[in-house]
Amino acid sequence: MSSLPIVAVVGRPNVGKSTLFNRIVGHRAAIVEDRARTTRDRVYGDAEWNGRRFIVVDTGGLEIHPGDPIEEKVQEQARLAINEADLIVLVVDSIVGLTPADIEAANLLRTAKSPVLVAANKADNDKRELEAAEFYSLGWEETYPISAAHGRGVADLLDAIVWGLPPESEQEVARKKRLSDAEDWARDMAAGRLDRVHDGDAEAIEMDGDSTAPGFDEEEKPVSITLVGRPNVGKSSLLNALLGEDRAIVSDIPGTTRDAIDTHLQWGRTDVVLIDTAGIRRPGRVSRGPDAERYSTMRALKAVDRADVAVLLVDAFEGLTAQDAHIAGFVAEEGRGLVIALNKWDLLAEKTDRSFDEYVVAMRRQVPFLDFAPIVSISAKTGQRCSRVLELAIDVWGERRKRVSTPELNRVLRAASLRQAPPAGKLGPPKIFYATQVAVGPPTFVFFARHANQVHFSYQRFLENQLRAEFGFDGTPIKLFFRERASARLEDRGPKKNTGGPRVRAKTAAKPSARRGTSNSTQRTTGRRKPRS
């Protein structure tokens with residue numbers, strides 16, 4: 001990502017910077033609300049226009065004297081974005097017109113080393129486009145009237161952005177070359193212009209549609225790790241400790257972080273994406289809170305959905321709460337890996353060598369459904385064991401991708417069945433025939449059985465524990481599915497009745513007469529009694 005140029009979107013508060021940011025990246029990556037000072041941290045997004053890729057940065061509103069401790073840190077984040085940008089887009093409001101705050105922001109940008117483009121936002125009609133001409137007085141000739149909400153004039157602005165970016169890096173040129181070669185190869189394959197590939201004197205191998213294009217290296221997806229937890233448990237502090245810089249705003253005031261912040265990190269040979277999220281409150285508090293808080297919670301939950309591993313931060317001083325258990329349960333239901341980090345461990349007084357083990361035992365007893373998740377004690381403020389969190393998360397990511405061969409899996413299944421047979425249900429004891437792994441991330445297994453719907457939850461838990469004891473799967477949930485085998489369904493139906501062929505009338509013996517003295521005699525069928533002689 002460092003090979004791509006950076007475009008910073010700046011301006012005074014409430015001029016539509018986040019709306020323009022979402023328009024450029026193509027989806028709602030930043031929270032938009034008709035209220036000033038909604039955006040706080042730097043929000044990064046990937047964009048592409050006319051074959052040119054670049055990174056867009058959304059920032060908080062530029063203010064010279066904000067008069068608020070959090071807003072002062074917002075200004076620091078905005079200035080950092082300006083310093084690292086290759087091109088700057090100054091957003092102004094064409095409805096309100098030129099304001100002293102716009103002039104102050106423009107004076108700040110005059111010292112920037114990067115070129116500046118002016119975007120007069122909210123120019124929804126021709127009249128407002130003409131009124132946007134007053135912003136030429138700021139001194140930049142590149143001024144574009146746009147409407148970020150409706151997309152009017154945004155294409156012209158993007159053309160100017162691409163034209164003003166620095167030349168493409170060698171990495172980007174090489175990437176485009178690989179993509180072009182792959183497209184040419186795929187086009188030739190579809191047209192049938194490629195012959196067999198010969199490797200020396202070896203037998204010719206026919207290339208099919210599943211083959212890989214020569215010289216094309218597929219880019220591996222980086223490991224996505226999200227930081228989740230209640231408000232004010234230290235998620236942003238942990239992010240800054242791992243990066244070694246003030247990437248996110250840290251404050252003692254709960255709810256400081258609002259957007260989901262994606263940050264790329266190189267950890268050894270592994271590409272990692274760290275996602276800092278807003279604190280997840282109880283649903284009742286979220287529904288009564290402002291819109292920005294509700295959107296923040298939604299972004300945090302979506303960050304869990306697009307992550308590989310979630311790091312749940314728990315305040316060690318307060319202990320595990322019901323909301324912590326609720327968040328952890330949501331992570332497990334989504335099938336994501338889980339690492340529990342006990343933050344603020346340095347605040348615990350009178351710690352001993354056994355304090356952590358006792359803490360873990362109590363937590364396992366409190367939430368037994370999370371016994372698969374590793375637990376580590378950290379201090380994001382001092383940096384104590386913060387790197388251990390990332391190491392465990394990457395290990396969990398590897399466990400989620402682990403595959404078990406079918407013979408090994410059935411060997412463990414047979415041993416488990418001999419140790420403990422499934423309890424009988426209404427239709428009798430279930431019988432598990434075999435199992436196979438059908439997916440990874442999370443590991444998913446299908447068990448074929450007779451009376452599959454009668455397998456009790458306790459036995460499913462027993463099988464899961466047997467799989468973990470044999471193959472590990474530390475930190476990742478396991479999904480077990482039980483399916484009825486076809487032969488077992490036929491056995492339950494019983495023997496098939498013979499309905500074909502000619503019908504044969506059974507021979508029956510003549511019934512003896514019930515009347516005395518009339519044995520082997522012909523019965524009268526008139527219904528009248530024969531008089532005695």
Trainee: What's the spacing between Asp262 CG and Thr277 OG1 if we round to 0.5 Å?
Mentor: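 Interatomic distance, Asp262 CG to Thr277 OG1, rounded to 0.5 Å: 10.5 Å.
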
Trainee: How many angstroms lie between atom CG of Leu20 and atom CG of Leu158, to the nearest 0.5 angstrom?
Mentor: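 So the CG of Leu20 and the CG of Leu158 are separated by 8.0 Å.
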
Trainee: Taking atom CD of Glu170 as the centre, does the number of heavy atoms from other residues, nucleotides or ligands within less than 6.0 Å exceed 12?
Mentor: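 Atom CD in Glu170 is not packed in, count stays at 12 or less.
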
Trainee: Kindly list each side-chain donor-acceptor pair under 3.5 angstrom involving residues 415-425, sequence neighbours excluded, with atom names and distances?
Mentor:
from: Ser417; atom 1: OG; to: Leu413; atom 2: O; distance (Å): 2.9

Trainee: Looking at side-chain heavy atoms only, is the closest gap between Leu87 and Ser114 below 4.5 Å?
Mentor: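 No, too far: nothing below the 4.5 Å cut-off.
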
Trainee: Please round to the nearest 0.5 Å and tell me the distance separating atom CG of Leu243 and atom NE2 of His264.
Mentor: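 Rounded to the nearest 0.5 Å, the CG-NE2 separation comes to 11.5 Å.
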
Trainee: Measure the spacing between CD of Glu168 and CZ of Arg53 and express it to the nearest 0.5 Å.
Mentor: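 Between Glu168 CD and Arg53 CZ, I get 9.5 Å after rounding to 0.5 Å.
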
Trainee: For the CG atom of Leu467 and the CZ atom of Phe462, what is their distance to the nearest 0.5 Å?
Mentor: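 Reported to 0.5 Å precision, the distance equals 10.0 Å.
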
Trainee: Do the ring centers of Phe433 and Phe448 come within less than 6.0 Å of each other?
Mentor: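 When the ring centroids of Phe433 and Phe448 are compared, they turn out to be at least 6.0 Å apart.
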
Trainee: Any idea how Phe473 and Phe445 line up, ring-wise: parallel (<30°), tilted (30 to 60°), or perpendicular (>60°)?
Mentor: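 Perpendicular: the ring planes of Phe473 and Phe445 meet at over 60°.
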
Trainee: Below 6.0 angstrom between ring centroids: does that apply to Phe356 and Tyr359?
Mentor: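 Centroid distance Phe356-Tyr359: not below 6.0 Å, so no.
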
Trainee: Minimum heavy-atom separation for Ala148 to Asn121, with atom names?
Mentor: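 So the minimum-distance heavy-atom pair works out to N-OD1, 2.9 Å.
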
Trainee: Look up atom CZ in Phe330 and atom CG in Leu312, then write down how far apart they are to the nearest 0.5 Å.
Mentor: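 Result: 12.5 Å between the selected atoms.
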
Trainee: Is the shortest heavy-atom distance from the side chain of Asp93 to the side chain of Arg12 under 4.5 Å?
Mentor: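 Side chain of Asp93 against side chain of Arg12, heavy atoms only: contact under 4.5 Å found.
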
Trainee: Among pairs that include at least one residue of residues 459-472, which meet salt bridge (Lys or Arg N to Asp or Glu O under 4.0 Å), considering only residues two or more places apart or in two chains?
Mentor: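 Checked against salt bridge (Lys or Arg N to Asp or Glu O under 4.0 Å) - neighbours excluded - the pairs reaching residues 459-472 are Asp371-Arg461, Arg411-Glu470, Glu464-Arg468.
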
Trainee: Would you mind telling me which of Val309, Leu238, Ile225 makes a side chain to side chain contact (heavy atoms under 4.5 Å, CB included) with Leu390?
Mentor: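 Among Val309, Leu238, Ile225, the one that satisfies the side chain to side chain contact (heavy atoms under 4.5 Å, CB included) with Leu390 is Ile225.
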
Trainee: For Ile24 and Ala47, work out which heavy atoms get closest and say how close.
Mentor: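 Scanning both residues, the minimum pair turns out to be CG2-CB, 3.7 Å.
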
Trainee: For Pro443, which of Lys479, Arg401, Gln437 qualifies under side chain to side chain contact (heavy atoms under 4.5 Å, CB included)?
Mentor: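 Filter result, single survivor: Gln437.
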
Trainee: Is there a donor-acceptor contact under 3.5 Å linking the side chains of Thr321 and Asp324?
Mentor: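 The criterion, which ignores hydrogens and geometry beyond distance, is satisfied for Asp324 and Thr321.
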
Trainee: Counting heavy atoms not belonging to Phe369, are there more than 12 under 6.0 Å from its CZ?
Mentor: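 It does: Phe369 CZ has more than 12 such atoms within range.
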
Trainee: Do Leu108 and Arg79 touch side chain to side chain, with heavy atoms closer than 4.5 Å?
Mentor: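 Yes; the side chains approach each other to less than 4.5 Å.
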
Trainee: In a check of side chain to side chain contact (heavy atoms under 4.5 Å, CB included) between Lys17 and each of Val91, Val43, Val89, which one passes?
Mentor: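 Among Val91, Val43, Val89, the one that satisfies the side chain to side chain contact (heavy atoms under 4.5 Å, CB included) with Lys17 is Val91.
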
